[in-house]
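Chain letters run A, B, ... following the sequence lines, proteins first and then strands; every chain starts at 1.
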Number of protein chains: 2
Amino acid sequence: MNQLQLAKQLKVSCESCSLSDLCLPKGLSPFELEKLDDYIERPRKLEPNVQIYQPGEKFFGIYAVRTGGVKTYLTKKTGEQQILGFHLPGEIFGLDGLEHFAHRCYASTMDNTSYCVIPFERLDELCGELPELRRQIYKLFGHELNCDHAHELLLGQQTAHERLATFLLSISSRFKNRGFSPNSFMLPMSRHDIACYLGIAVETVSRLFKSFQQQGILKINRKQVDIQDMERLREMVINCEDPESF
Amino acid sequence: MNQLQLAKQLKVSCESCSLSDLCLPKGLSPFELEKLDDYIERPRKLEPNVQIYQPGEKFFGIYAVRTGGVKTYLTKKTGEQQILGFHLPGEIFGLDGLEHFAHRCYASTMDNTSYCVIPFERLDELCGELPELRRQIYKLFGHELNCDHAHELLLGQQTAHERLATFLLSISSRFKNRGFSPNSFMLPMSRHDIACYLGIAVETVSRLFKSFQQQGILKINRKQVDIQDMERLREMVINCEDPESF
DNA sequence: ATCCGCAAATGACATGGGTCAAATGTTGAA
DNA sequence: TTCAACATTTGACCCATGTCATTTGCGGAT
């Protein structure tokens with residue numbers, strides 16, 4: 001096998017990627033997809049708890065998670081962090097770099113993780129030619145914004161148990177969308193990260209998991225979650241927003 | 001004066017708008033500006049507490065505040081709202097509609113307010129031709145996202161007095177950017193709205209204003225704020241983020 | 001001016017969830 | 001297998017804020 005063939009094999013192909021209908025290429029025509037495909041870097045692999053970027057670092061492109069999980073977060077000088085989002089396979093991150101073409105937050109892996117990088121300059125050039133790609137970018141962007149808005153509602157107005165319920169429903173529906181069971185899944189993040197995302201203390205997360213379990217709403221063993229009463233979980237969250245849609 | 005001249009006079013001109021260096025057109029060439037200008041609707045005027053859009057409503061375009069002030073918010077079924085952002089003259093809102101081409105949150109005036117609407121379909125067409133306009137849009141997107149991230153940090157990790165200090169610094173620097181005094185300004189929103197934005201109770205806002213005043217940090221009379229010790233205010237907020245840049 | 005209605009401030013009290021400390025699990029390295 | 005380091009759980013205590021009730025103040029209408 002010569003170099004060329006090898007390179008071709010190694011090259012990531014969006015078309016063949018099992019996540020392509022969840023990721024950026026969703027809705028693009030084969031022609032458009034091929035053009036985009038040429039630009040995407042081969043997946044990178046990282047171990048758990050490795051930093052991908054930090055504030056001030058140059059923005060190169062949009063990241064797409066293939067396997068594992070990534071968290072994005074800000075920190076206070078005193079060290080506390082606020083996790084902004086968890087990014088599961090098929091989801092993207094890195095848009096925080098768009099304002100100044102430099103990142104504003106941190107991104108780290110939570111697990112063994114592989115991801116693609118879509119170089120932004122190339123993507124932007126393509127956007128000039130492909131209206132459908134532009135639309136896809138807008139959608140992606142609007143989705144990020146709406147996720148952040150839902151997170152603000154959670155942080156500003158929900159009680160601790162509402163927050164945890166909202167969180168579980170969100171993870172559940174994201175697994176479901178990806179074809180996995182919505183009732184039984186493995187959380188990719190630590191208790192500490194959950195607490196940090198929800199703006200509550202780790203101890204509170206522990207106590208709430210115990211309480212949910214005692215009420216027969218779920219079974220939990222380390223990171224394995226089994227939702228036993230989805231309806232009760234939904235009743236705990238009474239926003240005007242439909243959590244399914246985030 | 002014939003109809004045509006009248007129409008031309010009424011037509012809003014970005015070029016002549018005093019806010020143009022804060023708003024979308026910032027950084028566009030005169031040629032690009034003129035093309036964009038043709039599409040922008042004349043400013044609309046509304047009284048205080050009028051709803052501009054609500055969840056589910058079709059997304060027509062990006063809104064730019066000319067005078068007054070606008071708040072965007074989500075609500076829980078129980079009625080509590082979470083204010084997502086305050087939008088002052090020269091600032092934009094409405095990007096929550098990008099995901100599904102329908103809005104996901106509410107937008108209401110807080111004051112007598114006038115605003116422009118930039119029809120999105122036209123804007124998008126122009127984006128195909130004008131790379132510099134695309135870049136401007138990305139910057140806008142990124143800025144919105146970063147503002148929301150800072151808000152999440154505030155809601156998740158800051159104490160009540162840190163929140164109020166952060167809020168005052170943000171408003172102050174936004175007035176400053178617009179050429180007004182950073183030390184003396186009129187808040188366009190009610191105590192209730194401040195509380196709702198900060199995720200705390202109205203009563204807490206009252207008490208904190210009193211406490212800040214007793215400490216000689218500021219003077220406050222209804223909506224008139226005079227910051228007397230900006231440094232102390234800054235010391236109260238110890239994030240890794242520079243609040244000036246939001 | 002006076003009155004009305006709403007916004008803001010104030011006081012008294014209650015509590016959700018934070019903090020601290022200790023115990024218990026879990027994992028990975030040697 | 002054992003140990004060390006770290007994650008998670010549990011318990012006891014308490015404080016920053018929320019809640020509720022009342023008062024005060026302002027601004028618009030008459």
Side-chain angles (χ1 to χ4, degrees), chain A residues 47-49 69 71 76 78-83 108-112 154-167 186-214 218-225 236, chain B residues 47-49 69 71 76 78-83 108-112 154-168 186-215 218-225 236:
Chain A
E47 314 220 308
N49 297 310
K71 61 179 174 181
K76 294 174 72 179
T78 47
E80 300 98 314
Q81 49 179 233
Q82 173 62 45
I83 293 185
S108 300
T109 59
M110 299 189 294
D111 213 337
N112 283 310
L154 176 148
L155 292 170
Q157 302 297 333
Q158 296 189 177
T159 62
H161 55 273
E162 284 177 308
R163 295 182 198 205
L164 189 61
T166 305
F167 165 75
M186 206 78 155
L187 294 172
M189 70 292 285
S190 68
R191 296 287 190 276
H192 179 266
D193 283 346
I194 295 172
C196 191
Y197 175 76
L198 298 178
I200 59 183
V202 208
E203 292 91 331
T204 305
V205 173
S206 257
R207 284 187 258 263
L208 285 173
F209 270 137
K210 191 183 178 188
S211 150
F212 281 20
Q213 211 165 190
Q214 285 171 342
L218 44 85
K219 271 201 180 134
I220 193 157
N221 189 309
R222 298 287 289 171
K223 300 194 164 178
Q224 174 65 39
V225 176
M236 300 185 76
Chain B
E47 314 220 307
N49 297 309
K71 61 178 174 181
K76 295 174 72 180
T78 48
E80 300 97 314
Q81 50 179 231
Q82 174 62 46
I83 293 185
S108 300
T109 59
M110 299 188 295
D111 212 339
N112 283 310
L154 176 149
L155 292 170
Q157 302 298 333
Q158 298 189 174
T159 63
H161 55 272
E162 284 177 306
R163 295 182 198 205
L164 188 61
T166 304
F167 165 74
L168 289 169
M186 207 78 154
L187 294 171
M189 71 292 285
S190 68
R191 295 288 190 274
H192 179 265
D193 283 346
I194 294 172
C196 192
Y197 175 76
L198 298 178
I200 58 182
V202 209
E203 293 90 331
T204 305
V205 173
S206 260
R207 285 187 257 265
L208 285 173
F209 270 138
K210 192 184 178 187
S211 150
F212 282 20
Q213 211 164 189
Q214 285 170 343
Q215 293 175 62
L218 44 84
K219 271 201 179 134
I220 194 158
N221 188 309
R222 298 289 286 173
K223 300 194 163 177
Q224 173 65 39
V225 176
M236 299 185 77

Enquirer: So with a 6.0 Å cut-off around NZ of B:K219, is the heavy-atom count from everything else above 12?
Expert: no
Enquirer: Using side-chain hydrogen bond (donor to acceptor under 3.5 Å, both in side chains) as the criterion, list what pairs up with B:Q213, not counting sequence neighbours.
Expert: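 Partners of B:Q213 under the side-chain hydrogen bond (donor to acceptor under 3.5 Å, both in side chains) test: none.
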Enquirer: Can you sort out the partners of A:N112 under side-chain contact (heavy atoms from CB on, under 4.5 Å), two or more places apart, ordered by chain and number?
Expert: A:E47, A:P48
Enquirer: Of all the heavy-atom pairs spanning B:R163 and B:Q158, show the shortest one and how long it is.
Expert: NE-O, 2.9 Å
Enquirer: Of the residues in residues 197-206 of chain B, which ones touch DNA chain D at a heavy-atom distance under 4.0 Å?
Expert: B:G199, B:I200, B:A201, B:E203, B:T204
Enquirer: Among residues 187-194 of chain A, which residues get a heavy atom nearer than 4.0 Å to DNA chain C?
Expert: none
Enquirer: Cut-off 3.5 Å, no hydrogens considered: what does the side-chain donor-acceptor table look like for residues 201-209 of chain A, sequence neighbours left out?
Expert:
none

Enquirer: Working to the nearest 0.5 angstrom, can you tell me the gap between B:E162 CD and B:L198 CG?
Expert: 12.0 Å
Enquirer: Excluding sequence neighbours, so at least two apart, what forms ring pair (Phe, Tyr, Trp, His ring centres under 6.0 Å) with B:Y197?
Expert: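 So B:Y197 forms a ring pair (Phe, Tyr, Trp, His ring centres under 6.0 Å) with B:F86, B:H151.
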Enquirer: List the residues meeting side-chain contact (heavy atoms from CB on, under 4.5 Å) with A:Q214, not counting sequence neighbours, and say none if there are none.
Expert: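 Partners of A:Q214 by the side-chain contact (heavy atoms from CB on, under 4.5 Å) criterion, ordered by chain and then number, come out as A:K210.
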Enquirer: Please list, in 5' to 3' order, the outermost nucleotides of DNA chain C lying under 4.0 Å from any heavy atom of chain B.
Expert: C:dA8 to C:dA12
Enquirer: To the nearest 10°, give me the bend of the helix from C:dA1-D:dT30 to C:dA30-D:dT1, comparing the axes of its five terminal pairs at either end.
Expert: 40°
Enquirer: If the condition is side-chain hydrogen bond (donor to acceptor under 3.5 Å, both in side chains), which residues does A:S190 pass it with, not counting sequence neighbours?
Expert: none
Enquirer: So where does chain A start and stop touching DNA chain D, 5' to 3', when the test is distance under 4.0 Å to a non-hydrogen atom?
Expert: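 Contact span on the strand: D:dT8 to D:dA12.
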Enquirer: List for me each residue that meets side-chain hydrogen bond (donor to acceptor under 3.5 Å, both in side chains) alongside A:Q157, sequence neighbours excluded, and say none if there are none.
Expert: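 By the side-chain hydrogen bond (donor to acceptor under 3.5 Å, both in side chains) rule, A:Q157 matches B:Q82.
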